[in-house]
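Keep in mind the model is a prediction, meaning the values are calculated, not measured.
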Amino acid sequence: MSQNNSNDKAAMLAMIEKINEVSGFDPAPFAVDYTDLNTGETRKRLPVMIQMAWFRMKYPEGKISVQVTPAKDCFVATARVYPKYSDPVDAYLAEATASRGYLADKPSVSPREWAQTAAVGIALRNAGFGLQFSMAGEDFEENAPNELGMTENSAENKTLQSSIPEQMQTPLPKEEEYTAIPAVPKKLTQEEKLQQAMAKPCPITKFSGKTLGEVLPVDPGAITWVATKFKGDEELAEAARFICEYAAQQATA
């Protein structure tokens, strides 16, 4: 790399360091060393607690919202960073999601709290708190969590299957087709039909809030009017006609 490129990079890094700048505060002394598990090289990382303190200095009225939901073998946490506690739900600076599971070699570590801490650290990093470091927030695991619930054998089989030409792949067994028993509508008795008709609301203003069954003993003529002259709701009129017909059948029986 030429000297000019080095100078340009240094100038750009200096500009990045001004993101979320707080007068009198320098996060650099709080950065800690960590070892990259893939390359073995030492890098800098800003702890989540320092990120949170930095955020509070920059946004005294800010808010960090965290939601945690249990998933298969892990907890999934989603964190959102808001410049003001009164900001609407969708008016956030940054958002991040992280999942963490139980570690047998670290039984005292709560996967729920670990997921929360990781999500908050990544959300704060996405909001610009620590971009000048190699990594800000929670460190990553050596192996990615098994978020798809696949076993080692199933993952190998999926990879092997995808590498075989389509025409040579073993077809999946055909899904069995099922048929449903058709629903047979229940045939109502005359008494059941009468109960349904009686429960219909009376459309006459005078009897507002009452059913046809409640109006019938008070004013039978009102039911007749609904059956013969009311045009606002055919279903109500039909119910009133049924009541009248039922009453006439009972009278002649």
Side-chain angles (χ1 to χ4, degrees), residues 16 19-20 22 27 30-39 43-162 172-173 175-176 178:
I16 292 176
I19 296 176
N20 291 324
V22 175
F30 298 98
V32 296
D33 292 336
Y34 83 100
T35 302
D36 189 296
L37 296 174
N38 294 319
T39 65
R43 298 185 179 182
K44 292 290 185 181
R45 180 173 66 85
L46 193 64
V48 177
M49 294 301 295
I50 301 302
Q51 285 181 284
M52 294 176 66
W54 184 2
F55 171 75
R56 292 300 178 192
M57 286 186 282
K58 181 65 177 178
Y59 297 105
E61 296 184 352
K63 176 179 67 174
I64 299 175
S65 171
V66 184
Q67 290 185 338
V68 182
T69 55
K72 184 179 180 181
D73 301 328
C74 69
F75 285 95
V76 180
T78 299
R80 288 181 173 180
V81 178
Y82 298 84
K84 292 193 66 176
Y85 64 87
S86 58
D87 286 333
V89 175
D90 293 330
Y92 51 88
L93 287 173
E95 178 185 47
T97 300
S99 62
R100 294 292 185 270
Y102 173 78
L103 292 181
D105 59 336
K106 297 180 180 179
S108 63
V109 177
S110 165
R112 177 189 291 271
E113 293 182 5
W114 190 14
Q116 287 178 320
T117 302
V120 170
I122 298 171
L124 288 170
R125 181 187 66 199
N126 293 344
F129 293 91
L131 291 177
Q132 64 268 50
F133 302 101
S134 298
M135 179 185 294
E138 184 68 23
D139 55 341
F140 293 103
E141 300 175 87
E142 182 175 1
N143 296 315
N146 184 7
E147 295 176 326
L148 298 177
M150 296 177 60
T151 63
E152 183 176 353
N153 289 336
S154 65
E156 291 177 355
N157 291 338
K158 184 176 180 66
T159 303
L160 179 61
Q161 184 76 4
S162 62
L172 296 173
E175 183 178 352
E176 183 178 353
Y178 299 91

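The line from CG of Leu93 to CG of Asp87 is 8.0 Å long, rounded to the nearest 0.5 Å. One finds the CD1 atom of Ile64 at 11.5 Å from the CD atom of Gln116 (value rounded to the nearest 0.5 Å).
Considering every non-hydrogen atom in both Ser99 and Cys74, the closest pair reads CB-SG, 4.1 Å. Residues Pro83 and Ala91 come closest through the heavy atom pair CD-O, 4.1 Å. Taking both residues in full, the closest heavy atoms of Ala123 and Ala79 are given as CB-O, 3.8 Å, listed atom of the first, atom of the second, then distance. For Ala96 against Ala119, the heavy-atom pair with the smallest separation is CB-O, 3.6 Å. Here the closest heavy-atom approach between residue Val66 and residue Ala77 is recorded as CG1-CB, 4.5 Å. The shortest heavy-atom contact between Val76 and Ala71 is CG2-CB, 3.9 Å.
Here Arg80 pairs with Glu95 under the side-chain hydrogen bond (donor to acceptor under 3.5 Å, both in side chains) rule; sequence neighbours left out. Every side chain to side chain contact (heavy atoms under 4.5 Å, CB included) that Ile19 has, sequence neighbours left out, goes to Ile16, Leu131. For Asp33, the side chain to side chain contact (heavy atoms under 4.5 Å, CB included) criterion is met by Thr42, Lys44, not counting sequence neighbours. Thr97 pairs by the side-chain hydrogen bond (donor to acceptor under 3.5 Å, both in side chains) definition with Thr78, not counting sequence neighbours. Remark: Asp73 pairs with no residue by the side chain to side chain contact (heavy atoms under 4.5 Å, CB included) rule, at least two apart or across chains. Every residue was checked against the salt bridge (charged side-chain N to carboxylate O under 4.0 Å, His left out) condition with Lys63, not counting sequence neighbours, and none meets it. With sequence neighbours excluded, no residue forms a side chain to side chain contact (heavy atoms under 4.5 Å, CB included) with Gln67.
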Atom pairs and distances, donor-acceptor, side-chain atoms in residues 106-113, under 3.5 Å, two or more places apart:
unit_1: Ser110; atom_1: OG; unit_2: Arg112; atom_2: N; d: 3.4
unit_1: Ser110; atom_1: OG; unit_2: Glu113; atom_2: N; d: 3.3

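Judged by distance alone, with hydrogens and angles left aside, the side-chain atoms of Tyr82 form a donor-acceptor pair with the main-chain N or O of Val89 at under 3.5 Å.
The list of ring-ring contact (aromatic ring centres under 6.0 Å, His included) pairs with a residue in residues 50-80, not counting sequence neighbours, reads Phe25-Trp54, Trp54-Phe129, Phe55-Tyr59, Phe55-Phe129. Sorted by first and then second residue, the salt bridge (Lys or Arg N to Asp or Glu O under 4.0 Å) pairs involving residues 48-58 (not counting sequence neighbours) form an empty list.
Within a 6.0 Å sphere centred on CE of Met49, other residues, nucleotides and ligands contribute 12 heavy atoms or fewer. Counting non-hydrogen atoms of neighbouring residues, nucleotides and ligands closer than 6.0 angstrom, the OH atom of Tyr85 reaches no more than 12 such neighbours.
Here the side chains of Phe30 and Leu46 are in contact, with some heavy-atom distance below 4.5 Å.
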